[in-house]
Chemist: 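The structure under discussion is supplied below as structure tokens; questions concerning it will follow.
Bear in mind the structure is a predicted one, so any value in this text is a computation, not a measurement.
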Amino acid sequence: MASHENVCHAQQDGGQDVWMGEGGDHPCDKKVREHLIITVNGIDGSAEDWRYAADQFVMAFPDKVVVHCSERNALKLTHDGVDVMGERLADEVLEAITRNPGLKKISFVAHSLGGLVARYTIGRLYEPPSTGEIAGEKGGELMDVDLIHHSEEQSRGKIAGLEPVNFITVATPHLGCKGKNQLPMLWGVPLFEKIVCFGAHWAVGRSGRHLFLTDTDEGKLPLLRRMVNDCGDLRFMSALWAFKRRVAYSNVAHDKIVGWRTSSIRRESELPQISTYCKCGK
């Protein structure tokens, strides 16, 4: 296992690059690593939220990865909306790639709202394979496309010219926060949920409108509904499908902000009993 003392950090415009140094007279000289990991903070967060995890990544794979902890969307800037933040992150990713020549692969690890931002970003940066696209958009709704049985050749593409490997979200409200127990701190009380649904933008700006699906400007579907599909030049679904591994981690209990159903992308009837995972009194 590499030593924590050899972990190098470089503050960049909007974030931090983290890699394992080589030791010697110039311990933080960079050599070529092939895998870029982008970490994305949640609402009111910053690059510091991922610093410990970034150190662990580079110590576990010292010769393979460089981690970029994004911070172009930090603190109050996380209130600007998923689309605005997604565009900022896309620019930040391209800058990180330019700083690290020799990269071949890319992965994303995102927390909470950052997972939605990362999904928007990969939709922007997706480059389809020469064989064409795998998903389309018709009237804002999903077309009848069998993604599961699509051939691997058709389903792969690249993200900003790199091979997509892992797309991981942790407690991300993929389905938004609208609906019963999607925001557990409201205890499932319909009146509270209705009030918060229509007042969230006062607390967290455009991000609140996106999370509660109240952004129906110009007659368009809410952004989170559009993001379940390819939409114009934003290839949300194709980009997700390009990754070799897609994982959504959810908190089974005690998360007062993001409900289990929205973070695991399941219907209420599909959720196992909590007793399956948690033993009372322990």
Side-chain angles (χ1 to χ4, degrees), residues 1-78 85-86 88-119 121-122 125 158-172 243-251 255:
M1 187 72 173
S3 169
H4 186 87
E5 295 177 358
N6 293 332
V7 175
C8 300
H9 301 82
Q11 191 71 31
Q12 305 294 339
D13 180 21
Q16 293 182 5
D17 283 351
V18 184
W19 70 96
M20 182 57 66
E22 299 299 306
D25 295 333
H26 304 283
C28 283
D29 281 355
K30 277 188 180 180
K31 76 170 190 178
V32 173
R33 269 88 173 170
E34 65 172 19
H35 196 157
L36 174 64
I37 300 175
I38 304 292
T39 64
V40 190
N41 58 270
I43 200 159
D44 292 328
S46 71
E48 284 299 311
D49 298 349
W50 281 105
R51 179 159 180 167
Y52 177 81
D55 289 354
Q56 301 307 306
F57 287 149
V58 299
M59 287 192 290
F61 306 101
D63 299 322
K64 297 183 182 296
V65 306
V66 57
V67 180
H68 178 73
C69 301
S70 68
E71 198 172 16
R72 199 67 58 86
N73 298 302
L75 305 175
K76 296 301 181 183
L77 293 178
T78 59
M85 291 188 287
R88 288 188 196 131
L89 180 60
D91 291 339
E92 190 173 357
V93 170
L94 293 174
E95 292 168 11
I97 292 172
T98 301
R99 282 196 306 273
N100 294 277
L103 290 169
K104 297 179 181 178
K105 302 177 180 180
I106 189 168
S107 293
F108 287 78
V109 186
H111 172 242
S112 193
L113 179 64
L116 296 174
V117 175
R119 282 177 52 199
T121 294
I122 63 173
L125 298 178
K158 292 190 175 182
I159 302 297
L162 303 179
E163 176 190 350
V165 181
N166 301 298
F167 190 88
I168 300 170
T169 62
V170 182
T172 288
F243 284 83
K244 289 184 176 179
R245 286 174 289 273
R246 301 167 297 277
V247 183
Y249 288 102
S250 307
N251 290 314
D255 188 333

Chemist: Compare all side-chain heavy atoms of Trp19 with those of Pro62 and state whether any distance is below 4.5 angstrom.
Modeler: no
Chemist: Ion pair present between Lys104 and Glu163, side-chain N to carboxylate O less than 4.0 angstrom?
Modeler: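 No, no charged N to carboxylate O under 4.0 Å.
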Chemist: Look up atom NE2 in His35 and atom CG in Leu162, then write down how far apart they are to the nearest 0.5 Å.
Modeler: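 One finds 9.0 Å between NE2 of His35 and CG of Leu162.
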Chemist: Main chain of Lys31, side chain of Arg33: is a donor-acceptor contact present, judged purely on distance under 3.5 Å?
Modeler: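 Here the side-chain-to-backbone pair exists.
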Chemist: From Leu125 CG over to Lys158 NZ, what is the distance, rounded to the nearest 0.5 angstrom?
Modeler: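 The NZ atom of Lys158 is 14.0 Å from CG of Leu125, to the nearest 0.5 Å.
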Chemist: Return the orientation label for the Phe108 and Phe243 ring planes: parallel under 30°, perpendicular over 60°, tilted otherwise.
Modeler: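 It falls in the perpendicular class, over 60°.
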Chemist: For the OH atom of Tyr52 and the SG atom of Cys69, what is their distance to the nearest 0.5 Å?
Modeler: 14.0 Å
Chemist: Looking at Thr172 and His111, would you say the former's side chain and the latter's main chain have a donor-acceptor pair under 3.5 Å?
Modeler: no
Chemist: Shortest non-hydrogen contact from Ala171 to Asn251?
Modeler: CB-ND2, 3.9 Å
Chemist: What do the steps show when you test Phe167 against Arg119 for side chain to side chain contact (heavy atoms under 4.5 Å, CB included), and what is the final call?
Modeler: CA-CA 9 Å; Phe167 190 88; Arg119 282 177 52 199; 3.5 Å; yes
Chemist: Do Val7 and Val18 come close enough that some side-chain heavy atom pair is under 4.5 Å?
Modeler: yes
Chemist: Look up atom CG in Leu89 and atom CD1 in Ile122, then write down how far apart they are to the nearest 0.5 Å.
Modeler: 10.5 Å
Chemist: Please tabulate, for the side chains in residues 94-102, all donor-acceptor contacts under 3.5 angstrom to protein atoms that are two or more places apart in sequence or on a different chain.
Modeler:
residue: Glu95; atom: OE1; partner: Arg72; partner atom: NH2; Å: 2.7
residue: Thr98; atom: OG1; partner: Leu94; partner atom: O; Å: 3.0
residue: Arg99; atom: NE; partner: Asp17; partner atom: OD2; Å: 2.9
residue: Arg99; atom: NH2; partner: Asp17; partner atom: OD1; Å: 3.1
residue: Arg99; atom: NH2; partner: Asp17; partner atom: OD2; Å: 3.3
residue: Arg99; atom: NH2; partner: His68; partner atom: ND1; Å: 3.4
residue: Asn100; atom: OD1; partner: Lys30; partner atom: NZ; Å: 2.8
residue: Asn100; atom: ND2; partner: Ala96; partner atom: O; Å: 2.8

Chemist: Check the pair Val165, Ile106 against side chain to side chain contact (heavy atoms under 4.5 Å, CB included), reporting the backbone distance first and the verdict last.
Modeler: CA-CA 6 Å; Val165 181; Ile106 189 168; over 6 Å; no
Chemist: Report the distance from atom CZ of Arg246 to atom OG1 of Thr169, rounding to the nearest 0.5 Å.
Modeler: 12.0 Å
Chemist: I need the Ser70 OG to Trp50 CH2 distance, nearest 0.5 Å.
Modeler: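 These two atoms lie 10.0 Å from each other.
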Chemist: Taking all atoms of both residues into account, what is the closest heavy-atom pair of Leu77 and Arg88, and its distance?
Modeler: O-NH1, 3.4 Å
Chemist: Can you find a heavy atom in the side chain of Arg51 that is under 4.5 Å from one in the side chain of His9?
Modeler: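 With C-beta onward as the side chain, the pair touches.
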Chemist: Spell out, as yes or no, whether a donor-acceptor pair under 3.5 Å connects the side chain of Thr78 to the backbone of Ala74.
Modeler: no
Chemist: Hey, can you pull the donor-acceptor pairs under 3.5 Å for the side chains in residues 37-48, sequence neighbours left out?
Modeler:
residue: Asn41; atom: ND2; partner: Gly45; partner atom: O; Å: 3.4
residue: Asn41; atom: ND2; partner: Asn73; partner atom: O; Å: 3.1
residue: Asp44; atom: OD1; partner: His79; partner atom: NE2; Å: 2.9
residue: Ser46; atom: OG; partner: Glu48; partner atom: N; Å: 3.3
residue: Glu48; atom: OE2; partner: Gln16; partner atom: NE2; Å: 3.0

Chemist: Could you walk me through whether Cys8 and Met20 satisfy the side chain to side chain contact (heavy atoms under 4.5 Å, CB included) test, starting with their C-alpha distance in whole Å, then the side-chain angles of each, then the deciding distance to 0.1 Å, before giving a yes or no?
Modeler: CA-CA 6 Å; Cys8 300; Met20 182 57 66; over 6 Å; no
